[in-house]
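The structure under discussion appears below in the form of structure tokens.
In what follows, every chain begins at residue 1, and chains take the letters A, B, ... in the order their sequences are listed.
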Amino acid sequence: MKLYDKYPVSLTNSLSGKKEIVNPVNAGHIGMYVCGPTVYNYVHLGNVRTFMMFDIVARYFRFLGYKVRYVRNITDVGHLENDADEGEDKIAKKARLEQLEPMEVVKHYTDGFHEVMRQFNILPPNIEPSATGHIVEQIEIIRKLINNGFAYEVNGSVYFDVTRYNENHHYGILSGRVIEELMESGRKLDSQDEKRNKIDFALWKKASPYHIMRWPSPWGEGFPGWHIECTVMSTKYLGETFDLHGGGMDLKFPHHECEIAQAVGATGKNPVNYWLHTNMLTVNGQKMSKSLGNSFLPSELFTGNHALLEKGYGPMTVRFFMLQSHYSSTLDFSNEALSAAEKGYKKLSNALSTIKKLTYSGGGSPVPELTASLQKLVDELYRNMSDDFNTAKTLASLFEMSARINDFKSGNVQLNTVDQETFESFRNAFVGFMEDVLGLTEEDEHHQAILEGVINVLIELRKKARQDRDFSLSDKIRDDLKVMGVQLMDGKDGEMSFTIDKMSIY
RNA sequence: GGUCUCGUGGCCGAGUGGCUAGGCAGAGCUCUGCAAAAGCUUCUACAGCGGUUCGAAUCCGCUCGAGACCUCCA
């Protein structure tokens with residue numbers, strides 16, 4: 001029996017608003033797509049929350065034995081500012097302002113994004129396609145939409161005909177929007193508009209003579225709209241109907257709504273069985289966003305170089321902090337909450353290194369109640385995660401387990417009062433959920449700083465030894481450090497410096 | 001204006017018709033050369049007002065408050 005059969009995953013499907021049990025298109029396989037970043041700027045912590053959440057979704061599916069194909073795109077063209085169909089392309093604007101090639105902008109911020117993902121221990125997706133790499137496919141699907149009567153061309157641009165689509169399909173199925181209300185609210189269609197209706201959205205935009213990002217198409221030189229790239233890249237790699245599509249709550253409308261309309265319009269099939277939306281990270285109750293100017297960059301967080309922070313926090317503390325809440329709730333970011341998280345994470349981290357060092361010694365007589373309670377804790381770990389990826393409850397279980405682990409360590413409870421098989425499954429579950437599922441690991445950069453501090457303490461002791469003319473101790477400190485790859489050097493003035501041989505750390 | 005979500009103890013945050021969430025902080029105890037770590041015990045709670053129910057923080061209604069989306073945002 002597979003783990004995913006024993007602990008079937010249920011999740012809140014945004015499409016139905018209800019908790020549903022995951023039943024994959026292909027048994028034993030999960031295909032999932034998540035909208036990645038538009039690489040025109042540095043990612044902030046709100047972005048990180050979404051990618052971290054879906055990292056855990058993918059990790060957990062794998063942990064249960066599913067074969068997962070996780071696709072997360074890079075948006076490097078087509079994402080317009082201000083108004084979906086009238087603003088300037090974000091990448092192109094940045095390129096113009098910084099006097100760079102658009103692809104220089106894309107490269108720079110894509111690298112930055114990957115570095116942030118690495119710092120937070122967010123694993124790379126299986127496929128990371130870019131919009132500019134799929135222009136041909138986008139043109140193809142736009143053609144299909146025109147042929148199917150769901151899109152029309154005007155002056156070298158192509159728009160999706162929402163009203164037409166809504167005649168036989170349901171535009172608003174995901175977001176709950178009513179098309180009549182959308183038609184009434186907001187700004188009116190002005191005379192410059194090419195669209196038949198203001199709720200129509202761009203599939204292809206004609207490039208003005210000075211627009212730098214442009215590709216040839218049946219409708220002249222231009223560039224693709226924002227929504228079409230995700231439809232193309234998700235269905236290309238996952239099939240016309242796939243299991244799971246995720247993204248931030250703020251993409252639900254219009255982006256994801258448009259994706260459904262495009263896919264249904266092109267293939268006649270519902271593209272996604274389960275939609276998953278993560279809620280927003282807030283600061284003082286307000287959504288963290290680039291446009292509001294209240295966003296935190298990961299680097300500001302690590303260094304503590306931000307008005308709202310008293311000190312810096314490591315990436316694992318932040319990871320733990322975010323996992324304490326459910327993905328569907330807003331999470332408020334504050335200094336107090338972070339410092340509480342720092343201590344809580346340390347506790348779990350200590351338990352993790354403790355249990356790794358525990359070795360089972362036989363010769364005892366297992367106590368049935370204890371054995372049963374440990375088995376129950378392991379069972380709860382799976383149940384909590386399978387229940388809509390409830391990381392908060394999972395952490396609560398891990399805290400209970402860490403109390404048991406410390407009992408074993410201190411000898412309050414003898415290790416051999418539980419049978420070996422139970423102990424090993426307990427240990428494997430704790431380590432597995434910490435490292436593989438939740439991705440909580442040691443913080444290397446932090447340790448590097450501590451290492452240098454420790455060496456300085458030893459240097460002070462060695463200076464004292466030299467003053468006392470205790471050269472055997474002085475030499476021992478220097479020689480022992482050298483063995484570990486730390487070279488101490490005595491200066492003429494009695495000061496000491498050191499170099500660390502990086503290779504010896506790894 | 002329309003659509004929707006939320007309001008839990010000093011703080012952060014799960015949960016949901018009856019059974020301990022958990023973390024941080026506070027108090028006490030054990031351990032302890034000191035400190036730390038750890039274990040145990042313990043105190044603060046479900047915005048307000050009505051209703052349904054044997055029983056509601058959990059369901060329904062209203063009021064107040066906060067936020068999100070409707071326009072670029074994960």
Side-chain angles (χ1 to χ4, degrees), chain A residues 17 34-38 40-41 43-54 72 75 79-90 93 113 172 175-178 180-187 198-199 226 246-257 277-282 284-293 295 320-348 350-351 354 380 384 387-388 390-400 402-413:
Chain A
V34 171
C35 295
T38 302
Y40 71 105
N41 210 334
V43 287
H44 62 70
L45 282 166
N47 307 107
V48 169
R49 185 187 188 194
T50 296
F51 301 130
M52 187 182 290
M53 180 54 212
F54 287 106
R72 189 186 63 209
T75 296
H79 203 158
L80 307 183
E81 292 203 310
N82 304 320
D83 183 287
D85 303 325
E86 300 300 329
E88 188 174 4
D89 186 292
K90 290 186 173 196
K93 180 184 179 188
F113 169 65
S175 60
R177 294 289 140 77
V178 181
E180 289 77 15
E181 285 169 0
L182 289 169
M183 295 286 271
E184 282 164 24
S185 66
R187 68 173 180 83
K198 67 175 190 178
I199 53 170
W226 176 36
M249 202 81 102
D250 47 1
L251 294 185
K252 203 170 179 182
F253 186 87
H255 185 58
H256 292 156
E257 193 70 58
H277 288 98
T278 53
N279 215 321
M280 298 294 107
L281 191 62
T282 61
N284 295 325
Q286 264 215 322
K287 174 181 169 181
M288 182 184 287
S289 83
K290 287 175 195 167
S291 38
L292 285 172
S295 58
F320 174 87
F321 165 72
M322 290 187 176
L323 296 183
Q324 276 185 299
S325 74
H326 194 250
Y327 70 86
S328 64
S329 306
T330 55
L331 174 63
D332 201 62
F333 201 73
S334 70
N335 197 67
E336 294 76 18
L338 277 171
S339 66
E342 186 171 51
K343 290 184 184 166
Y345 169 65
K346 195 176 172 194
K347 205 169 180 176
L348 283 186
N350 286 345
T354 298
E380 276 175 5
N384 291 336
D387 180 11
D388 206 3
N390 198 320
T391 52
K393 278 207 282 186
T394 304
L395 285 177
S397 299
L398 288 172
F399 273 110
E400 272 194 63
S402 74
R404 301 287 77 76
I405 290 167
N406 288 318
D407 277 336
F408 287 137
K409 182 196 181 188
S410 66
N412 283 350
V413 178

What integer number of Å spans the P atoms of B:C40 and B:U52? 45 Å
Among B:A14, B:G39, B:C70, which is the nearest nucleotide to the side chain of A:Ser329? B:A14
Rounded distance (Å) that lies between atom P of B:G67 and atom CE of A:Met288: 16 Å
With a 4.0 Å limit, can you tell me whether A:Arg404 has a side-chain N or O closer than that to the phosphate oxygens OP1/OP2 of B:C40? yes
Let me know the distance between CG of A:Asp250 and C1' of B:A68, rounded to the nearest Å. 9 Å
Name the orientation class of the two ring planes belonging to A:His277 and A:His256 (parallel below 30°, tilted from 30 to 60°, perpendicular beyond 60°). tilted
Would you kindly give the CZ-to-P distance between A:Arg177 and B:U5, to the nearest whole Å? 12 Å
Pair pattern of RNA chain B in dot-bracket, where unpaired bases get dots and | marks partners in another strand, Watson-Crick or G-U under 3.5 angstrom: (((((((..(((.....[...))).(((((.......)))))....(((((..]....))))))))))))....
Looking at B:A68, I'd like to know if its phosphate oxygens (OP1 or OP2) sit under 4.0 Å from a side-chain N or O belonging to A:Asn279. no
Which atoms form the tightest heavy-atom contact between A:Phe51 and A:Cys35, and what is the distance? CE2-O, 3.4 Å
Distance, P atom - from B:U53 to B:U44, rounded to whole angstrom: 32 Å
Side-chain atoms of A:Pro254 come closest, of B:A14, B:A74, B:C70, to B:C70
Would you call A:Leu348 and A:Leu395 a side-chain contact if the rule is heavy atoms closer than 4.5 Å? yes
Rounded distance in Å - CG (A:Asp332) to P (B:U8): 12 Å
Rounded distance in Å - CE (A:Met322) to C1' (B:C12): 14 Å
Between A:Ser328 and A:Ser334, which is nearer to the 5' end of RNA chain B once each is assigned its nearest nucleotide? A:Ser328
5′-ward residue of the pair A:Ala403/A:Leu331 relative to RNA chain B: A:Leu331
For a quick check of understanding: with a heavy-atom distance under 4.0 Å over all strands, which category does A:Gly247 fall into, base, sugar-phosphate or nothing? sugar-phosphate
For the side chain of A:Phe321, counting heavy atoms from C-beta on, which of B:C69, B:C73, B:C12 is nearest? B:C12
What is the distance, to the nearest angstrom, from the NZ atom on A:Lys287 to the P atom on B:C4? 19 Å
What does A:Ser289 touch in the nucleic acid at a heavy-atom separation under 4.0 angstrom: a base, only the sugar-phosphate, or nothing? base
So, does A:Asn412 get its side chain near the phosphate of B:G39, meaning an N or O under 4.0 Å from OP1 or OP2? no
Say you draw a straight line from CZ of A:Phe321 to CG of A:Leu281; how long is it, rounded to the nearest 0.5 Å? 6.5 Å
Rounded distance in Å between the P positions of B:A25 and B:G65: 36 Å
Distance criterion of 3.5 Å, no angle test: do you see the side chain of A:Lys252 paired donor-to-acceptor with the base of B:C69? no
A:Arg49 side, atom CZ; A:Phe333 side, atom CZ - distance, nearest 0.5 Å: 11.5 Å
Would you mind reading off the distance between A:Lys346 atom NZ and B:A36 atom P, rounded to a whole angstrom? 11 Å
Looking only at atom P, what distance separates B:C43 and B:G23, rounded to whole Å? 15 Å
Say we look at B:A38 and B:C4: how far apart would their P atoms be, to the nearest angstrom? 47 Å
For atom CD of A:Glu257 and atom P of B:C4, their distance in whole Å: 14 Å
Nearest atoms (heavy-atom pairs only) where A:Gly46 meets A:Met288: N-SD, 3.6 Å
OP1 or OP2 of B:A74 less than 4.0 angstrom from a side-chain nitrogen or oxygen of A:Asn47, does that happen here? yes
Describe the nucleic acid contact of A:Met249 in one word from base, sugar-phosphate, nothing, applying a heavy-atom distance below 4.0 Å. nothing
For A:His255, the side-chain hydrogen bond (donor to acceptor under 3.5 Å, both in side chains) test, sequence neighbours excluded, returns A:His227, A:Glu259
Give A:Leu338 one of three labels, base, sugar-phosphate or nothing, depending on what nucleic acid heavy atoms sit under 4.0 Å from its own. nothing
Counting only side-chain heavy atoms from C-beta out, which of B:A68, B:A38, B:G13 sits nearest to A:Gln286? B:A68
Could you tell me how far B:C73 sits from B:G17 if I compare only their P atoms? Round to whole Å. 37 Å
Produce a footprint string for nucleotides 21-31 of chain B: one letter per nucleotide, 5' end first; B if the base is under 4.0 Å from any protein heavy atom, S if only the sugar-phosphate is, - if neither. BBSSS------
So is A:Arg177 actually on top of A:Phe253's ring, under 6.0 Å and inside 45° of the axis? yes
In whole Å, measure the gap between the P atoms of B:C59 and B:G67 for me. 23 Å
Counting the atoms with a prime plus P, OP1 and OP2 as sugar-phosphate, which does A:His44 contact under 4.0 Å by heavy atoms, base, sugar-phosphate, or nothing? base
What interatomic distance, in whole Å, is found between P of B:A68 and the corresponding atom of B:G13? 16 Å
Just so I know, are the side chains of A:Lys90 and A:Thr75 near enough to count as touching, which here means a heavy-atom distance under 4.5 Å? no
Tightest non-hydrogen contact, residues A:Ser402 and A:Ala351, listed as CB-CB, 3.4 Å
Give a yes or no on this: more than 12 heavy atoms of other residues, nucleotides or ligands lie within 6.0 Å of atom NZ of A:Lys252. yes
Validation row: A:Met280, A:Asp250 side chains within 4.5 angstrom (heavy atoms): yes
